[in-house]
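In the text below, chain A, chain B and the rest are named by the order of the sequence lines, each starting its count at 1.
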Amino acid sequence: MKWMMMGSSMEIYPPPEFNFKECLVFLGRSDLEVMHQIKAGYLYKLVKLNGERIVLKIGDTSKVIQVDFPMGTPLSSTTLEKVASYIWEWFDLDQPLAAFYDFARKDMILKELVSKYDGLRIICLPDLFEALAWAIMGQQINLTFAYTLKKRFVEQFGESVTINRNTFWLFPDCEKIASMGVDDLRKLQFTVRKAEYIIGVAKAISSGVLSKELLLQKQDGQRIQTALMKIRGIGAWTADYVRMKCLHDPTAFPIADVGLHQALKLQLGMERKPTIGEIREMSTNWEGWQGYATFYLWRSLYE
DNA sequence: ATCCAGGAACTGT
DNA sequence: ACAGTTCATGGA
């Protein structure tokens with residue numbers, strides 16, 4: 001991770017295989033998104049780091065990520081370090097993407113995508129509770145409604161900061177959700193099950209039996225998968241999604257994902273969606289990078 | 001109206 | 001292990 005301060009701005013120096021504007025397209029895919037805002041090419045997000053709430057204004061200038069602080073808070077060097085590391089993690093910048101491109105350029109399905117979306121990285125959800133809760137919200141419903149649920153959830157239970165008549169939201173603390181009842185979420189049109197799953201996950205995280213650190217300590221992706229799937233409400237799809245978007249495992253592969261199926265159908269000009277078996281077949285070359293293949297295919301569904 | 005959506009648990013065999 | 005059923009609601 002490379003960064004330095006230039007006056008009141010932070011400069012972050014990402015690896016060469018990174019295109020901020022390409023990532024902005026993905027971040028801008030829903031008008032109902034509440035966790036960040038995009039305005040005039042800048043990405044705004046409220047984060048809580050080192051106990052401080054900080055609004056970040058993120059832009060790019062030729063190979064450099066530039067971060068400004070609209071709240072003008074005097075930030076300690078430890079907080080600044082956490083800002084840099086948050087952004088590094090958000091855009092998955094530790095991933096050696098050149099290795100993915102090396103074979104993807106020769107792959108019949110991926111070559112067009114990696115050329116079109118060059119520099120796109122998986123947009124991560126560094127917070128485990130947010131990643132799990134969002135995945136559960138998205139189970140078996142259309143994305144638009146999933147975003148509606150998230151917006152209600154965040155605006156009901158999250159904290160916010162308003163500057164210049166713009167309101168920015170933090171994802172609700174798991175401690176707060178752990179103290180909620182199913183009925184509190186039912187009011188927002190969560191199903192009983194989704195409410196139970198999310199409250200259960202919130203309790204597990206706030207009690208300390210579940211955490212990102214504990215999962216990452218397991219090293220092996222399969223063990224992490226198994227550990228996640230022991231939790232009620234987390235099946236294979238959610239476990240893969242969280243490994244991909246939160247735990248930075250590029251081998252995670254949500255193979256049953258309907259978005260993936262739809263993207264493959266369109267990309268291959270098929271009359272129907274491919275079967276799991278067919279996807280397994282066409283993904284044999286993707287070993288080690290199934291998560292990135294999936295993400296680039298998801299990207300092809302937006303414009 | 002009908003089908004389906006970035007699934008998972010439960011039940012029966 | 002595997003298939004069928006239930007949950008639940010909005011979008012197209």
Between [atom2] on [N] and [atom1] on [X], what's the gap in Å once rounded to a whole number?
| X | N | atom1 | atom2 | answer |
| --- | --- | --- | --- | --- |
| N142(A) | dA5(B) | CG | P | 10 Å |
| I141(A) | dA8(B) | CD1 | P | 13 Å |
| Q139(A) | dC4(B) | CD | C1' | 16 Å |
| W134(A) | dA5(B) | CH2 | C1' | 12 Å |
| Q225(A) | dG7(B) | CD | P | 15 Å |
| F145(A) | dG7(B) | CZ | P | 14 Å |
| K265(A) | dC4(B) | NZ | C1' | 12 Å |
| K194(A) | dG7(B) | NZ | C1' | 8 Å |

Worksheet item: The side chain of R232(A) lies closest to which of these nucleotides: dA5(B), dG7(B), dA9(B)?
Response: dA9(B)
Discussion item. For T144(A) and Q140(A), find the nucleotide of DNA chain C closest to each by heavy atoms; which residue's nucleotide sits nearer the 5' end?
Written reply: Q140(A)
With a 4.0 Å cut-off on heavy atoms, is [X] in touch with a base, just the backbone sugar-phosphate, or nothing at all?
| X | answer |
| --- | --- |
| T148(A) | nothing |
| Y302(A) | base |
| A236(A) | sugar-phosphate |
| K245(A) | nothing |
| I234(A) | sugar-phosphate |

Practice prompt. Take atom P in dT2(B) and the same atom in dA8(C), then report the distance between them in whole Å.
Written response: 23 Å
Discussion item. Ring-plane angle category for W134(A) and Y147(A), please: parallel below 30°, perpendicular beyond 60°, tilted otherwise.
Written reply: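 Geometry flag for Y147(A) against W134(A): tilted rings.
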Discussion item. Pair D249(A), R243(A) - check salt bridge (Lys or Arg N to Asp or Glu O under 4.0 Å), show working.
Written reply: CA-CA 5 Å; D249(A) 185 346; R243(A) 282 167 57 213; 2.9 Å; yes
Fill in: Covered region of DNA chain C, 5' end to 3' end, by chain A [heavy atoms, under 4.0 Å]
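That gives a stretch of dT6(C) to dG11(C).
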Item to complete: Looking only at non-hydrogen atoms, find the nearest pair between L56(A) and P70(A) and report the distance.
Response: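 Scanning both residues completely, I find the closest heavy atoms to be C-CD, 4.4 Å.
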Fill in: Intermediate values then yes/no, side-chain hydrogen bond (donor to acceptor under 3.5 Å, both in side chains), E17(A) and Q95(A)
CA-CA 10 Å; E17(A) 305 81 17; Q95(A) 221 63 254; over 6 Å; no
Practice prompt. Look only at the side chain of K194(A) and the backbone of Q139(A), and say whether a donor-acceptor pair between them is shorter than 3.5 Å.
Written response: yes
Discussion item. Taking side-chain contact (heavy atoms from CB on, under 4.5 Å) as the criterion, tell me which of V55(A), I54(A), I163(A) meets it with L46(A).
Written reply: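 Going through the options one by one, the only one that passes is V55(A).
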Worksheet item: With respect to K212(A), which candidate in L216(A), L210(A), L215(A), L214(A) satisfies the side-chain contact (heavy atoms from CB on, under 4.5 Å) definition?
Response: L216(A)
Worksheet item: With nearest nucleotides of DNA chain B determined for L143(A) and I231(A) from heavy-atom distances, which residue corresponds to the more 5′ nucleotide?
Response: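 Final value for this comparison: L143(A).
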